[in-house]
Structure formats: C-alpha cells, structure tokens
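In what follows, a single structure is set out as structure tokens and then discussed.
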Amino acid sequence: MNPCIITCAITGAEVTKEQNPAVPYTAEEVAKEAYLAMQEGASIIHLHARFDDGTPTQDQNRFKELMDAIKQKCGDVIIQVSTGGALGMSRTERGQVLDLSVEMATLDCGTVNFGGDDYFVNTVNDITYFANRMNDCGVKYELECFEKGHVDTALKLNRQGIIKAPMHFSFVLGVPGGMTGEERDFMFLKDSIPSDSTFSVAGVGRYEFPLAKLSIQHGGHVRVGLEDNLYLEKGVLASSNKDLVRKVKMMIIENGRSVATVKETRQILGMRE
Ligand code: KMH
Ligand code: ZN
C-alpha cells in the first residue's frame, strides 16, 4: 500500500515552552515525546538537542544523553540528528554530533532568511563539509531544501560526486524567507528532483497539514512535529507531538496508503537494515 514515512520533529531549536508547554527539553521529556510519536506511527525522530532550560546546543555529550534516552525507551526507531542546530552556530559546532555513532542526519542545502534579522547559513563549502563527513561515516542524509536553489545545489553536488544517491529530499516550506507552502511551490520542487529519489515535506505553521496531504497524494513522505508547528488546528495548541502524528496518520490512511514501519523506512530510503 505504498507506505508513507512519518518523521516527527519533536523539539527543534527555536520553539519554546512559553509558546507551547509540550515542547520537550529534558532527556526524560524528549524520550517520552519520541515514544509517543513512535507509538502513533513515526519511524524517524528528527532530533535537536537542548539543555534543560531550553537553550539549544550541539554538545556531543548532551546529544548522546538524549539519543541514549530515546533508544532505551523506543528501541529501534531511527534517530535523525540535526546538523543544522540553531541559528548562528558555526560549522564545527554543528558537526560535533557526527562524532557520535549516528544513523541519519540532516544536510541543509543552502542559506535562507529566517525572518527579521535572522538567517540560517549553509554555504556551498558548509554543505560539502557536512556531506563529506557523513559519507565518511556512512550516515544517511536527508537533504533539507528551503527553496528551489537548494535543490539545484544538491543536484549539482550530486553530479560532482559529493552528495551520493539514493537522494532523500526534505522540502521545508513556509519559513519566513524561504519558499511558501503553496501547492504550486510544492509541485515545482517535487518535479525538480530525479525520479529515483524520495522526498518528504515539512510545512511550517499553517502549512503543515495541507502540505502533508499533498505529499501523501503525490507519493511522498511527511514530517510533522512541534519544531514546525505548535497547533493541532487554528487556535488549538497540540498537547504533544503525538497529536500531530495521529492527525497525519489518519490522513495517510484516508488517502489509501499505509504508515511505514521502521523496517520499511530503512528499505525505502536505502539504509542498512
Ligand atoms: N534550527 C534551524 C536553524 C536542521 O535541523 O537541519 C535549522 C534546522 C535545520 O532546524
Ligand atoms: Zn530541525
């Protein structure tokens, strides 16, 4: 039934408990949210590390603590660590996490404004640095693209042999400064990637569910979670990541697809089983 992979971005680096008390910071909270998301059908947990007070960090020890806590509670779920970290972090700071034993990580494919004075820097040299590091240690990468130029950059680096196939793209749409999450923009990106690659969509804020539906209907995969969207519906905060995963799971089933298991996810993405 053409399984659809659900990734859950449980905490992010920018959202706070002030915005939604369900945003997890501590190892216990992170492991619990990962577990609840997995129970609802998420096979990939997209992970940022934060200290107990919510401060984002790429500190290796903190990442290890969080990953161990997730593995202990969730068993075999795929942990996709963020190499994007938080705005303003350096390349070396962001890359620390790759010294750990990591199965999957994000590879951000270009620079983008993040609203106001904020911007998220990924130069071509940054992308090359992260790709080489991930190639060296056999990490599966998800190519995060916030606009079409990022897709083109990834394809160019693929032609140069730096980014390896099979390529798995994540279109992150609706960031203030990147491409919008309108259907036209989604279609443009989806039609710009090679047919032997896979894609997932992460819609920010109000774009989360409309884009998830489009992706499901066009054979893609989905990402939901408090990192991207704090609301279950207009004016109603999600009480946990599990609410968001459950809602997208229903969408997958209503559209005649099944939710990918962890094993199916590894097969679909060409990962080691
Ligand atoms: N926190 C953003 C600046 C990623 O995880 O790789 C970057 C981000 C991308 O979330
Ligand atoms: Zn992230």
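One-based numbering, in listed order, for ligands and for the atoms of each.
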Practice task
Show your reasoning for whether side-chain contact (heavy atoms from CB on, under 4.5 Å) applies to L107 and E144.
Solution key: CA-CA 6 Å; L107 175 51; E144 284 211 6; over 6 Å; no

Problem - Salt-bridge contact D59-K64 (side-chain N to carboxylate O under 4.0 Å) - result: no

Handout entry: F171 ring center within less than 6.0 Å of F199 ring center
Key = yes

Exercise for the section: Look at K242 together with E40 and state whether they make a salt bridge at an N to O cut-off of under 4.0 Å. Expected result: no

Problem - Atoms in ligand 1 with a heavy atom of E227 nearer than 4.0 Å - result: 10 (O)

Completion exercise
The NE2(H46)-the Zn ion (ligand 2)-NE2(H48) angle, to 10°, is 100°

Practice task
Flag this pair as yes if the NZ/CZ of R50 is under 6.0 angstrom from the six-membered ring centre of Y25 and inside a 45 degree cone about the axis; otherwise no.
Solution key: no

Practice task
Tell me which protein heavy atom sits closest to atom 4 (C) of ligand 1, plus the residue, atom name and distance to 0.1 Å.
Solution key: S82 OG, 3.3 Å

Problem - Distance filter under 4.0 Å to T106 heavy atoms, resulting ligand 1 atoms - result: 4 (C), 5 (O), 6 (O)

Completion exercise
Taken to the nearest 0.5 Å, the spacing of L269 CG from H168 NE2 works out to 5.0 Å

Fill in the blank from the handout: Heavy-atom proximity to atom 2 (C) of ligand 1, picking from G84, A202, G85, points to G85

Completion exercise
The N/O/S atom of E227 lying closest to the Zn ion (ligand 2) is OE2

Problem - Y119-F114 aromatic ring centre distance below 6.0 Å - result: no

Handout entry: Atoms in ligand 1 flagged as close to E14, the criterion being non-hydrogen separation under 4.0 Å
Key = 1 (N), 2 (C), 3 (C)

Practice task
Around atom 8 (C) of ligand 1, find the nearest protein heavy atom and jot down its residue, atom name and distance.
Solution key: H48 CE1, 3.9 Å

Exercise for the section: Decide whether a cation-pi geometry holds between K247 and F209; the criteria are a distance under 6.0 Å from NZ or CZ to the six-membered ring centre and an angle within 45° of the ring axis. Expected result: yes

Practice task
Decide whether an N or O pair under 3.5 Å exists between F120 and ligand 1.
Solution key: no

Exercise for the section: Just jot down the ligand 1 atoms closer than 4.0 angstrom to any heavy atom of H46, in number order. Expected result: 5 (O)

Problem - Atoms in ligand 1 with a heavy atom of D108 nearer than 4.0 Å - result: 4 (C), 6 (O), 9 (C)

